[in-house]
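All chains are named by letter (A, B, ...) in the order of the sequence lines, taking the proteins before the strands, and each is independently numbered beginning at 1. Note that these values count all heavy atoms, side chains included, but never hydrogens, waters or copies made by symmetry.
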Amino acid sequence: MVQPGGRPVSPLAGGAPANEALRPFPRSILLTIFIGWISGILVVSQAWLLSRVITRVFLAGQGLAEVLPMLELLLAVLVGRAVAALAAEISAHAVAAGVKTRLRLSLVERLLALGPAFTRQERTGELALTALEGVEALEAYFGQYLPQLALAALVPITILSFVFPLDALTGAILLLTAPLIPLFLYLIGSASASLTRRQWQVLSRLSAHFLDTLQGLTTLKELGRSKDQVAVVGQISRRYRDATLGVLRVTFLSALVLEMVGTLSTAIVAVEISLRLLGGRLGYEQALFLLVLAPEFYLPLRTLGGRFHAGEAGVAAARRIEQILKTPLPVSRPARSNLPAAPWTIHFESVGYTYPGSEIPALRDVSFEISPGQRIALVGASGAGKSTLTRLLLGFSFPTGGCITVNGVDLAEISAQEWRRQIAWAPQTPYLFNDTLDANLRLARPNCSREEIESAACLAALDEVVHRLPDGFDTVIGERGTRLSGGESQRLSLARAFLKQAPILILDEPTAHLDPELEGRIQSIVDRLAEGRTVLTIAHRLETVRQADKILVLEGGRVVESGTHSQLEAQMGAYCKLLEAGLGG
Amino acid sequence: MMITTFKRLLGFISPFKGMAALAVLCAMGAIASGIGLMAVAAYLISAAALLPSIAVLQTAIVGVRFFGIARGVFRYLERLSSHWVTLSVLANLRTWFYRRIEPLAPARLISFHSGDLLSIAVADIETLQNFYVRVLSPALVALLVAAGAVLLLTSMSLWLGLALAFFLLLAGLALPLAVRRMSRTSAVRQRAIQAQLSTAMVDTFQGCADLLAFGQEDAQVQKLRLLDSQYGRTQAAQAWIRGLHGGFSTLLSGLGAGAVLVVAVPLVRSGQVQGVYLAALVLGSLAAFEAVQPLPLAMQFLESSLAAAGRLFRLVDTGQGLRPASAGVKADGKGAILSVRNLRFAYPEAPDRPVLDGLNLELLPGQKVALVGASGAGKTTLVSLLLRFWEYQEGEIYLEGRDLRTWDLDDLRSRIAVISQSTHLFNGTIRQNMLLGNPQAAQAQIEEAAHRAQLEDLIQRLPQGYDTWIGEQGLRLSAGEARRLAVARALLRNAPLLILDEPAANLDAQNEARLMEALYSEVFPGRAVLLITHHQAALSHMDAVHDLRNGKIYRQN
């Protein structure tokens with residue numbers, strides 16, 4: 001028996017090394033297969049009983065009473081098949097569920113490990129779709145397609161072992177026609193595989209586009225363009241329909257062939273056995289048995305054909321998932337060293353950094369020192385490398401040249417989690433999770449009490465915002481602060497930093513022009529926050545740089561000047577130019 | 001309620017009636033061919049067993065071959081036509097959903113997360129696209145094929161017909177109803193958990209930096225793990241239901257054919273039915289159950305379709321958005337481009353706390369007016385009202401002398417250009433994003449707008465110039481570049497009234513200076529401008545500055 005399915009379809013096809021995450025639990029798959037095989041045996045028994053009863057009634061003129069024992073047996077077989085069907089479904093789900101959970105979680109863990117540098121690039125809608133829908137597509141692959149691949153060989157072989165002793169000619173017909181199914185599947189399938197994959201990509205793009213349109217609805221309305229999008233959305237969907245039908249015209253041919261091979265062969269068997277019956281070379285009971293079995297012989301192969309596309313969708317999804325799982329992690333040595341005891345002196349030693357896929361380094365040869373309790377201000381135009389520098393200090397990425405050391409220990413060798421525990425980070429635009437305000441603050445310290453949350457909110461002047469919200473701290477916020485303004489989310493960011501109570505503060509100073517009153521308040525909040533901490537600020541305000549112990553002036557990824565405000569002012573260099581322009585972004 | 005939902009769903013298919021009917025006919029043809037193949041083949045063998053001349057068998061042989069070929073052809077045609085219908089329905093659903101959701105944005109959509117919107121729009125609509133193929137068509141096909149088969153058997157003996165009808169009803173009606181009962185709660189629950197899981201995933205990707213910085217990545221994974229296991233449980237429940245359905249449908253089809261056999265045995269003995277038909281009766285009946293096999297699944301899909309449709313309909317049916325433009329033209333405003341009188345507005349969730357409370361404002365053609373005031377003073381709310389995102393409760397607004405409520409919304413928005421800090425840039429090329437300002441703009445106009453918005457150096461720097469793709473919310477552009485792109489877009493719009501809502505927010509000083517310079521020199525001339533800002537320096541360019549406090553203009557200077 002050739003291998004049904006023609007082509008070993010595996011998510012790992014293409015010579016790629018096997019990925020642990022994509023391995024199913026083989027033992028439970030064996031159980032599914034075994035149940036399917038028992039089912040096949042029961043089908044043969046049913047055919048045998050049916051043909052026997054019919055023969056006795058038709059040719060031997062027997063009545064109900066005489067065939068009753070066989071009818072009872074038939075009932076038992078039917079019940080057995082029903083139980084097997086239930087068991088097969090449940091065991092198939094169990095296999096798939098395990099794989100799906102594992103994949104979904106390793107996908108998330110991988111994305112978290114890849115960090116913001118990765119997740120910010122990809123279209124997030126597409127990522128979410130990949131993770132969710134792609135993982136879902138594997139349900140059919142592991143639960144249905146893989147077991148069926150085995151059953152498509154096992155069940156026909158079992159049936160043949162009954163057919164051959166009875167009638168070699170019918171056996172030969174079945175044996176010769178069966179390979180046609182995988183053959184045609186292969187011929188049509190290999191062409192349609194890439195087409196199917198392409199359609200899958202189009203589909204996920206389409207969903208991303210639809211989401212993008214929905215998210216930008218307000219802007220579209222402001223532009224008076226929102227109505228036009230009706231036509232665009234419809235047009236894109238219809239274009240997708242036509243393209244998909246073009247693909248389906250081909251891929252459905254395989255279904256046509258599968259169906260044809262099965263039904264035509266059944267027809268051929270029927271004609272062939274009836275002719276030999278006529279010649280007296282075959283008994284009626286055997287003939288009927290063979291006729292009932294013929295479609296059952298092709299059924300597993302046809303089922304496989306039906307699941308073939310599920311299998312391909314699974315492979316396509318697995319490729320995409322695997323692509324993410326295989327994205328190399330930012331270079332980090334395994335955490336070998338313990339975090340040295342506080343206080344910490346941080347050294348940047350000729351640090352360089354180039355983003356993956358970019359040729360221009362974002363940081364070059366940056367060297368400086370942060371002593372405990374010092375206030376460092378980073379200034380420079382946007383794109384000068386300030387954010388990159390803070391990202392490295394947070395351990396989101398690792399230097400591609402030089403190193404950062406903490407009390408002489410390479411930061412890349414210290415557990416990033418442990419290190420980040422020492423840092424409070426207050427970005428300008430914090431991400432607002434689709435959760436309550438309380439939960440969004442609690443992110444900084446999950447176990448804190450409501451009182452602590454309240455006092456942090458109060459310190460960050462967030463309390464008045466809380467009063468305005470319908471459910472106070474329990475109001476659900478989120479999706480880029482639909483209900484929080486820019487100034488409010490900044491204060492939320494500061495409240496998080498208060499809650500964190502970490503010795504090191506990394507602050508991205510607000511650039512937005514808040515109203516002067518609020519700006520003054522935020523300044524005093526920041527001052528309080530900075531008390532007794534080592535602070536690295538991306539500074540935009542004169543006040544901040546004046547107070548800084550050291551100012552680093554970044555330009556094109558290099559530190560071009562450093563010193564105190566008065567020292568730098570005296571130099572009349574890059575710093576002074578920046579000051580004239582009002583300090584950079 | 002359910003009937004209404006069902007009827008509304010049918011509405012999505014009605015434009016494709018012809019193709020849908022063809023698909024049903026082909027599906028019937030395929031199943032009938034299957035029955036015909038087995039029945040005629042069984043008859044052929046039985047007839048051959050009686051050893052007649054070969055001529056007697058000729059018709060049956062032709063019949064067997066015909067059905068053998070017809071089945072595949074019918075199935076192929078059915079699949080193509082039904083997929084055409086499905087994808088057409090999908091296109092229809094998407095446009096319908098968009099058309100209905102569009103008037104609701106942004107006012108009525110605030111409480112819906114985009115993760116939810118994603119799961120609603122993508123998952124629910126994709127569930128509904130299958131309404132025809134998985135619900136409607138199988139039901140029709142089953143009804144027609146079952147009726148045909150039962151009639152055929154009844155013509156031989158009433159009892160044969162009854163035996164088959166009984167089990168067909170069990171498998172086609174009782175089983176689906178039982179499946180529906182079982183799956184009802186779990187299907188609803190599954191959708192809800194799926195939506196939560198989807199939101200949590202979006203949060204994890206987009207909030208990645210915050211999670212890591214606060215060391216909450218493990219907690220988030222834990223949260224996802226919990227949701228995933230809940231999701232897994234609902235899916236396991238569905239697997240049980242699927243298994244029971246599979247088991248019972250196997251059992252019932254076997255019992256149906258067995259019942260026909262049991263009824264037929266005495267009939268054959270008594271000579272009422274010829275023995276040569278016995279095998280045909282049994283095998284034909286067995287094949288007839290193919291028609292009802294998809295019904296329990298159809299019922300499950302009906303359930304989830306109704307749930308999905310219910311959610312979508314509820315979403316689009318929520319706020320009636322705005323009153324339609326009233327016909328009567330109320331003109332006033334004495335030549336002012338914008339005139340606001342005694343405007344009062346409170347958000348629905350806080351009706352006793354008016355955000356705007358008796359606001360008066362006048363803007364003459366070409367006049368530049370700034371609006372200043374603390375955060376939350378209602379400045380952005382005013383913009384939303386001017387753009388008719390919300391319905392105001394009291395007072396009047398006149399644009400170009402016409403009551404704002406009498407404006408057609410598209411006309412209204414073509415008179416106003418907005419640049420705000422939340423301006424969305426779409427996944428697409430720079431050109432596509434600019435063309436949103438004016439789809440008819442020629443290349444020369446695009447270039448001019450880019451020049452005036454100081455975008456030229458950016459475009460020269462980009463590998464594919466105007467055709468460079470910008471990513472999610474324009475993330476590959478810096479904030480300053482994105483804002484200048486929004487300015488270029490506004491320039492292409494060429495509207496007489498320009499509203500700037502904190503145009504420089506989140507920009508660094510250099511970028512802000514560039515932006516404001518572009519605005520003053522290129523955008524302001526010839527337009528009436530309403531500028532909302534905290535920026536003191538900007539105010540010197542303005543003709544008037546209004547201070548907004550407690551929902552009204554406090555001071556003018």
Side-chain angles (χ1 to χ4, degrees), chain A residues 54 57-58 64 78 81-82 85-86 89-90 93 97 112 116 119 123-124 127-128 207 211-212 214 216-219 222-226 230 233-234 237-238 241 252 256 259-260 263-264 267 270 274 277-278 284 287 382 425 431 433-434 443-444 470 479 482 487 512-513 515 581-582 584-585, chain B residues 41 44-45 48-49 64-65 68 71-72 76 79 87 91 94-95 98-99 102 105-106 110 113-114 117-118 122 199 201-203 205 207-210 213-215 217 232 239 242-243 246-247 250-251 254 265 275 278-279 349 374-375 413-414 418 424 427 436 472 505-506 508-510 534-535:
Chain A
I54 290 171
V57 175
F58 171 39
L64 266 184
L78 284 174
R81 284 185 64 190
L86 173 62
E89 193 72 54
I90 290 167
H93 170 75
L112 284 171
T119 51
R123 292 209 248 161
T124 46
L127 276 179
S207 298
L211 173 68
D212 184 41
L214 291 175
L217 209 47
T218 308
T219 299
E222 286 170 0
L223 291 167
R225 288 282 160 267
S226 56
V230 174
V233 166
S237 301
R238 274 188 295 276
R241 174 193 70 195
F252 284 171
L256 174 69
E259 196 94 46
M260 285 283 208
T263 53
L264 266 181
S274 70
L277 203 56
L278 202 58
Y284 176 70
S382 62
W425 178 54
Y431 182 77
F433 292 85
N434 292 300
L443 187 75
E479 194 40 44
T482 309
H513 282 269
D515 60 276
Chain B
L44 173 65
I45 290 172
V64 165
R65 285 184 184 146
R71 185 175 161 87
Y76 179 74
R79 291 179 129 208
L87 292 171
R94 282 219 173 103
T95 39
Y98 184 83
R99 192 176 287 140
E102 186 265 340
I110 284 172
H113 312 142
S114 87
L117 271 180
L118 175 115
V122 175
T199 305
M201 286 284 207
V202 171
D203 269 357
F205 301 150
C208 179
D210 301 60
F214 290 103
E217 61 270 32
R242 269 202 311 277
T250 307
L251 186 64
V265 169
L278 183 61
E349 63 259 31
S375 298
R413 288 171 194 147
S414 73
V418 182
H424 186 91
N427 290 325
L436 281 173
E472 170 141 329
N506 297 324
D508 61 66
Q510 287 171 329
H534 297 303
H535 194 30

Heavy-atom pair with the smallest gap, counting every atom of [X] and [Y]:
X      : Y      : result
B:A279 : A:Y284 : CB-OH, 3.5 Å
B:A91  : A:G234 : CB-O, 4.3 Å
A:A85  : B:G246 : CB-C, 4.0 Å
B:A48  : A:S274 : CB-O, 3.3 Å
A:L256 : B:Y76  : CD1-CB, 3.8 Å
A:F58  : B:A49  : CE2-CB, 4.4 Å

Inset, instruction - Indicate yes or no for a side-chain donor-acceptor contact from A:T263 to the backbone of B:G68 under 3.5 Å, with no hydrogens or angles considered. - result: yes

Rounded to the nearest 0.5 Å, how far apart are [atom1] of [X] and [atom2] of [Y]?
X      : Y      : atom1 : atom2 : result
A:Y431 : B:D203 : OH    : CG    : 4.0 Å
B:R65  : A:L264 : CZ    : CG    : 10.0 Å
B:L44  : A:L277 : CG    : CG    : 9.0 Å

Among the options [options], pick out the one with the most heavy-atom pairs lying under 4.5 Å from chain A.
options                       : value
B:T250, B:V64, B:V265         : B:V265
B:L251, B:T95, B:I45          : B:I45
B:G215, B:G72, B:A213, B:G254 : B:A213

Legend entry - Contacts of type side chain to side chain donor-acceptor pair (under 3.5 Å), residue A:R238, not counting sequence neighbours: none

Legend entry - Interface residue of largest heavy-atom contact number with chain B, from A:R81, A:R241, A:H93, A:E89, under 4.5 Å: A:R241

